[in-house]
Structures are given as C-alpha cells and as structure tokens.
4 protein chains.
Amino acid sequence: MSEESQNNRYEQQKLSAVKAAAAEFAEHGYHGASTKAIAARMGVQQGSLYYYFKSKEDALLAVCLFGIRDYASRMREIAANAQPFEAKLLATISSHLSSYRSTNEALKVYNAERLYLSAEKRANLKELGSMYRELLESIFDEAIRDAAIHDNVDCHFAAQTVIGMCNAWGELIVRDPELDIFELTQKCTNLLLRGFGK
Amino acid sequence: MSEESQNNRYEQQKLSAVKAAAAEFAEHGYHGASTKAIAARMGVQQGSLYYYFKSKEDALLAVCLFGIRDYASRMREIAANAQPFEAKLLATISSHLSSYRSTNEALKVYNAERLYLSAEKRANLKELGSMYRELLESIFDEAIRDAAIHDNVDCHFAAQTVIGMCNAWGELIVRDPELDIFELTQKCTNLLLRGFGK
Amino acid sequence: MSEESQNNRYEQQKLSAVKAAAAEFAEHGYHGASTKAIAARMGVQQGSLYYYFKSKEDALLAVCLFGIRDYASRMREIAANAQPFEAKLLATISSHLSSYRSTNEALKVYNAERLYLSAEKRANLKELGSMYRELLESIFDEAIRDAAIHDNVDCHFAAQTVIGMCNAWGELIVRDPELDIFELTQKCTNLLLRGFGK
Amino acid sequence: MSEESQNNRYEQQKLSAVKAAAAEFAEHGYHGASTKAIAARMGVQQGSLYYYFKSKEDALLAVCLFGIRDYASRMREIAANAQPFEAKLLATISSHLSSYRSTNEALKVYNAERLYLSAEKRANLKELGSMYRELLESIFDEAIRDAAIHDNVDCHFAAQTVIGMCNAWGELIVRDPELDIFELTQKCTNLLLRGFGK
DNA sequence: CATGAATGAGCGTTCATTCAT
DNA sequence: CATGAATGAACGCTCATTCAT
C-alpha cells in the first residue's frame with residue numbers, strides 16, 4: 001500500500017508537471033519557455049523536473065500526448081457509433097472545441113509546437129493525428145455512401161478543413177475564456193452543413 | 001544615380017534580411033530562431049544584422065508587417081469593388097491563400113509568432129489585422145443587405161471563420177509546395193457558400 | 001551541522017565572489033572589468049557567477065556595500081564616544097585610511113565606480129555615505145561648541161575635505177602596499193589641526 | 001590661405017573631437033564610453049572619428065593632455081614667480097580648482113582614467129604630472145628655507161596632499177556647477193596654512 | 001574629409017542539463 | 001525524491017575598427 005501511495009504520489013506530481021509544462025509552452029512557445037519557469041509553476045526546483053521528464057523535449061512530447069489522447073479516443077467512439085452524419089459531425093466538433101477548455105492548453109501546444117519534436121519522438125503523435133483525420137474522412141466517406149452529402153465532396157479536403165476550422169477557433173477559445181462553446185459548435189456545424197449562402 | 005543605387009543597396013539588403021528572418025522564424029519559431037542563422041542565411045556576419053534591425057524583436061515586427069501589408073491592402077481593394085458577394089468571397093480567399101506562396105513564409109510568421117511582440121510593437125499590426133477582419137465583416141453585412149446570404153448569419157463569426165480556415169490551409173500550403181491553390185480556393189469558396197450537405 | 005556547513009559554503013563563495021569582483025573593478029573599472037575575469041579569479045565558470053549575483057551591476061552594488069559597511073559603522077562608534085575632538089579626528093582618519101588596506105580594494109571601487117549604479121541601486125549606498133559625512137560634520141559642530149576649533153570653520157567644507165583627503169591618499173595606499181598608514185594618519189591629522197604654517 | 005583655412009578647419013574639428021571625447025569619458029568612464037557616442041556628440045559619423053584619433057586609446061591620451069597641459073604650464077609660472085609662500089599656495093590652488101571649470105571635464109578624465117593608458121602612452125603624461133608635483137614640492141622646500149612654514153613639514157606629503165585635496169574638490173566642482181570656486185580656494189588655502197585648530 | 005556598410009571579437013546573460021549530497 | 005551548486009554552450013547584442021566609395 002505504501003508502494004502504491006508512493007506510486008500515486010509520483011503520478012500526481014507527473015501530472016502536475018505536464019500541466020505546468022503545458023501552460024508554459026502555451027504561453028511562451030516551446031523554445032521560449034524555460035525549465036526553470038515550469039519548475040517554479042509546479043513548485044519544485046529546476047533540477048527536480050528531471051525526475052518527471054528526461055529532457056525538455058520529452059516534456060513537450062508528454063504535453064502533446066496529454067493534449068490529444070482523450071481527443072483521439074473520443075473520435076474513435078464517435079466514428080464507431082451508429083448515428084446519422086449530422087449527429088456525428090456535431091459530436092466531432094463539440095468534442096474538438098471543448099477539448100480546448102479541458103486540457104490545460106495542451107491541445108494548443110500540440111498544434112503549435114509539435115513540429116519542434118525530433119522525427120522519432122513525433123512518430124507516436126503522428127499515428128494518433130493521422131488516425132483522427134482518417135476517422136473523420138471515413139465519416140465523410142460514409143456520408144457520401146448514405147447520400148447525406150453531395151458525392152462530389154473531397155473527403156480529404158473536408159476532414160482537413162473541419163480540423164483546421166476547429167483549431168483556429170481553439171486558439172480563440174484558449175485566449176478568451178468567455179467564448180460560448182455550445183453556441184460556437186452550433187454555428188460551425190451549421191456552416192459546414194449548409195454554408196452561408198441561401 | 002550613385003545615390004539612388006546606394007539607397008537601393010540598403011533597401012535590397014534590408015529586404016533580404018527580412019526574408020531571411022521570415023524563413024528562420026517560420027522554420028524554428030521566433031524564440032527558436034537564432035540571429036546567427038538569420039545572418040548566415042543572408043550571407044553576412046551576425047553583428048551586421050543590427051545594421052538593418054535594431055533588435056531581434058524588431059526583425060519579427062518587420063517580418064510581420066511584410067507578411068500582411070499587401071494582404072491587407074488587397075483586402076481594401078476587394079471590399080471597395082462593386083461586385084457580387086460570391087465574387088468578393090472568392091477574391092478574398094484567393095488573395096489570402098496565394099499570399100502564403102508569395103510572402104516567403106512571412107504571413108505564417110505573422111499568424112504564429114506575432115503574440116511574442118511586446119504590446120507597443122504589436123500595436124502597428126493590430127490595426128491592420130483588425131481592419132482586415134472588419135472589411136471582411138462588412139462584406140458579409142452587405143451580403144445580408146443584398147439578400148445574398150441568410151439574414152441570420154453572424155457576420156463576426158463568419159469573418160473569423162473564413163480567416164481561420166484560410167490560415168489553417170496556409171500552414172499546409174507553406175509545408176507542401178505541391179498544393180494547388182486554385183483548386184483549393186474553389187473548394188473553400190464552395191464550402192462557405194453551400195456547405196457539404198445536400 | 002551539515003546544514004550549517006552548506007550555508008557556510010554559500011556564504012563563503014559569495015564572499016569570494018565579492019572579493020574577486022572588487023579586485024577586478026578596482027583594476028579595470030566597472031565597465032572595463034569582465035564577468036569572465038571575475039569568475040576566473042574566483043575559480044568558477046562565467047555563468048556560475050550568476051548564482052551569486054543577479055547581474056554585473058548587482059556585483060558592483062555588493063562590492064560597494066562591502067566597501068563601506070564596516071567603515072560607516074566604525075564612524076558611528078567614533079562619533080558616539082566621549083572623547084576630545086583631536087582624538088575623534090585621529091580615529092576617523094585612522095579608520096578611513098586603514099579601511100583601504102582591509103577591504104580588498106572595495107572602498108576604492110565604492111569611490112570610483114558607484115556613480116555607474118542606477119539611481120535605484122545607489123539609493124542604499126547614498127544613505128550610508130550621507131550618514132558618514134553627517135557624523136563627521138557633527139564632530140566638527142561639537143568641536144566648535146567645545147571651543148576646540150575656531151567658530152568660523154565651515155563644518156560642511158571641513159567634513160568634505162577630510163573625506164576627500166583620505167580618499168586621495170586611499171588611492172595611493174591601494175597602489176603602494178609599502179605606504180605606512182600609521183605615519184600617514186599622524187601627518188594628516190596634524191595638518192588638519194595646525195596647518196603647514198607657523 | 002586655402003591651405004591654412006583647411007588646417008584651421010582640421011584643428012577646430014580636432015578640438016571639437018577632444019571635447020566630445022572628454023565629455024563622454026567624464027560621464028561614462030573610458031571603458032563605458034563608446035566611439036559612437038563621441039562621434040554623435042561632435043556631429044559626425046563613427047568612422048570619421050578616425051581622422052582625428054588613431055584609436056580610442058589615442059583619444060584618451062589626447063583628452064588627458066588637453067586636461068593637464070595648461071594646468072602644468074601655469075604651475076611652472078607660479079613656481080618661477082618671486083612671491084611669498086602664501087601667495088604661491090593660493091595661486092596653485094586657484095589654478096588647480098578653476099581648471100576643473102575650464103577644460104571640459106578633461107582634467108577629471110586625466111585623474112580618473114589615465115591609468116587605463118598603456119605604459120608607453122602614459123609616459124608623456126607622467127612627465128607632466130611628476131613635474132607638477134615636483135614644482136609644488138619645490139615651493140614647500142623654498143618655504144622651509146624662508147622659514148615660512150615649520151621645518152618638519154614633509155614636502156612630498158604636503159604636495160601630494162594639496163593635489164589630492166584639489167582633485168577631490170574638483171570632482172565636486174564638475175558635478176555641481178553652482179560651487180563658488182573663489183570661496184573654496186580661500187577655504188582650502190586657509191586650512192592648509194592654519195588648520196582647523198585654534 | 002567623410003560616409004555607410006561591414007566585420008569579428010567580445011560582452012553580459014540565460015539556458016538545459018548534471019550530479020553529489 | 002529533491003535539492004543546490006555548477007557547468008559549458010549558446011544567446012542577443014555592442015563594440016572598436018576598417019575600408020571602398
């Protein structure tokens with residue numbers, strides 16, 4: 001039990017480290033953030049960080065994974081559910097946008113800073129990222145099969161655009177805590193389904 | 001003539017410095033880029049950079065301005081022209097997306113790094129950026145008045161979304177030189193007008 | 001005991017840093033001295049200095065304080081003692097001149113370089129310096145009241161002159177380790193009391 | 001005539017350069033002053049300074065010489081005159097103190113910065129400086145022979161002290177343009193002749 | 001005589017990282 | 001598990017100086 005509680009303690013501290021790193025990376029960027037500031041934010045000395053991360057780059061990887069893990073797994077659920085296209089699209093957007101509120105800026109860090117990871121470290125992420133896009137593409141594919149959307153829709157373009165639009169709004173969500181995510185989700189979904197025109 | 005050519009020399013070098021800085025900032029981010037690398041890219045010694053920029057931050061400001069000056073002025077022209085909504089929207093998107101090819105990554109830098117400028121330095125940019133969004137909003141306002149789009153469209157949301165979508169694609173344009181901008185412009189415009197649904 | 005010795009370790013190193021800085025500032029002036037040379041003199045790497053000083057300017061402040069702290073507190077004792085004027089004057093001069101031997105050139109640095117401190121940092125010093133002069137003035141005031149000196153002596157002038165004379169000789173003391181301070185003290189005191197004339 | 005006027009022009013500019021350098025050296029010290037600031041103060045470009053000084057060190061030498069040339073030659077006149085001791089002492093102090101007003105801070109620079117000159121460059125100055133002190137010593141020697149002062153006065157000490165006292169006040173004169181030099185001269189002379197005691 | 005452009009060395013400072021305690 | 005002390009490389013920047021024009 002003592003071992004377990006120690007383990008818990010470690011996990012708690014590690015989580016706290018990830019959140020501190022996420023906040024610093026989000027505010028100053030990966031290169032602009034300092035390990036000293038991350039340590040200060042979580043209330044330990046600079047050297048102690050190295051019990052939780054092997055290096056600064058390692059911290060970035062941890063933050064990125066923290067940022068997309070849930071987000072990617074929720075996508076898997078959405079794609080697997082037997083729902084009409086419109087519901088799936090709404091669920092996707094809702095999940096994506098609200099992730100920006102719930103992951104301590106880690107999703108923003110994933111978007112803005114992941115390219116600074118070395119190729120090897122990024123490999124893990126790439127898989128999750130690609131999976132996300134492919135699942136979204138498959139939703140559009142299915143919609144075409146079900147005649148829910150025009151058959152001339154480019155599914156790759158569509159998925160990329162949905163992701164890009166959500167990320168663009170995500171930046172604004174992080175910066176403006178007043179933004180109403182529910183309303184925003186409605187508007188985005190509506191736009192994607194029907195456009196602005198008459 | 002000697003005077004003019006001397007003047008040209010300075011202007012040429014300054015432009016070359018801005019482009020070198022844009023490239024380095026785009027690749028490594030503001031904090032990750034080094035003045036040494038910028039100098040090396042333009043073929044001078046590190047110290048010589050300071051003949052053209054008062055500081056690294058000043059270089060970032062110059063890059064950002066370089067990135068949005070034309071882009072903003074083109075928007076002014078588009079908004080002023082007497083054209084139907086659909087043409088204006090297409091022109092906007094076309095201008096926005098092709099800027100990512102013509103400004104040596106400076107527009108990408110403006111989007112990703114401008115928040116690292118101090119408040120005073122950013123003031124110059126803010127005006128141009130706000131103007132851009134407001135002009136775009138006015139195009140949507142006008143479209144409502146002309147009954148070209150539904151009257152329940154939130155023009156602020158619409159403008160922000162167009163900008164966000166273009167910037168998201170801009171990132172991809174910069175990273176992938178093969179991307180067909182003409183085709184992309186069509187698809188984006190089409191989506192915004194009619195959506196994916198039937 | 002381990003804790004105390006650790007604390008000692010830091011204090012020892014900090015003192016060593018102050019002395020190294022004093023020596024370099026005295027030899028090359030504040031601007032002419034390099035942090036690299038200071039670090040080398042105390043046997044650490046350049047960057048390690050910043051564990052003991054927040055900045056080079058901070059090091060100058062530390063040196064100045066080190067240079068005048070004892071010197072100012074001794075003045076307080078002298079002024080407080082119930083002794084005849086001549087004894088107080090002698091004590092003052094003796095204390096002032098011998099400080100130049102005991103503070104590792106820090107007093108010289110205080111005199112020659114303190115004006116390079118920013119106004120805020122200099123504030124700490126100003127108080128001590130003013131106190132010193134005022135205490136000395138009060139000794140002259142008292143001497144007038146006790147009729148130990150002519151009543152037309154300008155006490156401000158007198159204090160300033162004593163200080164100036166001692167500092168002038170201090171420069172020579174630092175440069176020439178052979179100078180006999182005891183003899184010098186006698187001569188200065190004698191001059192101030194009786195002048196060169198008959 | 002054209003040649004002469006050109007020569008004059010050069011001499012004027014050189015003088016202006018010396019004064020500019022004196023002012024910068026006095027304000028920031030030799031190492032703290034920049035050639036750029038000196039050039040700016042005299043209204044030319046940085047590179048143009050090198051028509052008047054071979055190097056920054058050369059500029060310091062020129063300033064030092066400018067600071068003590070007149071001052072030393074005046075001392076020669078004073079020592080040569082057939083006047084009583086008291087008159088000579090007064091003339092010396094008057095000349096010394098008023099030099100601080102008339103040489104654009106160059107005398108202050110001579111005192112505070114001359115040690116940063118390399119040994120060879122300082123040689124010229126040393127001669128003038130030693131001459132000054134020796135002339136002053138000879139005045140005290142003569143005063144002993146004429147029985148104008150006690151025969152136990154140490155003439156070397158006396159000369160050094162007079163110089164030191166004047167330089168100490170000189171610092172204050174430079175910093176405070178309101179100081180009454182005439183009054184100060186009287187007080188210093190009086191002190192040196194009669195002391196503060198009764 | 002003066003300039004503007006450039007240099008290359010050096011500066012003060014910060015950084016990610018290590019490791020004995 | 002955590003610290004405090006130290007490292008050495010890199011950073012942004014300033015400098016005195018040079019030289020073609």
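Naming convention: chains lettered A, B, ... in sequence-line order (proteins, then strands); numbering from 1 in each chain.
Rounded to whole Å, atom C1' of E:dC1 lies 9 Å from atom CZ of D:R9. Put simply, CG on B:L49 is 12 Å from P on F:dT14, counting in whole angstrom units.
When all heavy atoms of A:A106 and A:G67 are compared, the pair lying nearest together is CB-CA, 3.6 Å. In plain terms, the two heavy atoms of A:R114 and A:C64 that are nearest each other are CB-SG, 4.1 Å.
Considering only residues two or more places apart in sequence or on other chains, A:V44 meets the side chain to side chain contact (heavy atoms under 4.5 Å, CB included) condition with A:Q13, A:A39, A:M42, A:S48. In this structure, B:N124 has no side chain to side chain donor-acceptor pair (under 3.5 Å) partners at least two apart in sequence or on a different chain. Under the rule for a side chain to side chain donor-acceptor pair (under 3.5 Å), A:Q45 has no partner lying at least two apart in sequence or in another chain. The side chain to side chain contact (heavy atoms under 4.5 Å, CB included) search around B:A37 returns B:E24, B:S34, not counting sequence neighbours. In this view, D:H31 satisfies the side chain to side chain donor-acceptor pair (under 3.5 Å) rule with no residue, not counting sequence neighbours. Considering only residues two or more places apart in sequence or on other chains, C:K126 meets the side chain to side chain donor-acceptor pair (under 3.5 Å) condition with none of them. For the side chain to side chain contact (heavy atoms under 4.5 Å, CB included) test, residues two or more places apart in sequence or in another chain that qualify with C:A62 are C:V18, C:F53. Scored by the side chain to side chain contact (heavy atoms under 4.5 Å, CB included) test, A:E113 finds A:Y30, A:L60, A:V109, A:Y116, B:Y116 as partners (sequence neighbours excluded).
A close approach under 4.0 Å does occur between a side-chain nitrogen or oxygen of D:Q45 and OP1 or OP2 of E:dG4. Using a 4.0 Å cut-off, no side-chain N or O of B:Q46 falls inside it from OP1 or OP2 of F:dC11. One finds no side-chain N or O of C:Q13 lying less than 4.0 angstrom from the OP1 or OP2 phosphate oxygen of F:dG4.
The side chain of D:Y50 sits closest to F:dA16 out of F:dA16, E:dA2, F:dT7.
Within the structure, side chain to side chain donor-acceptor pair (under 3.5 Å) pairs that include any residue of residues 50-65 of chain D comprise D:E57-D:S118, D:D58-D:K121 (at least two apart or interchain).
Of all the residues in residues 21-44 of chain D, D:A33, D:S34, D:T35 reach under 4.0 Å from DNA chain F with at least one non-hydrogen atom. Residues of residues 51-60 of chain A having a heavy atom closer than 4.0 Å to DNA chain E, listed by number: A:S55, A:K56.
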Quiz item: Dot-bracket for DNA chain E: what is it, with Watson-Crick or G-U pairs under 3.5 Å, [ ] where a pair crosses earlier ones, and | for a pair to another strand?
Solution: .||||||||||||||||||||
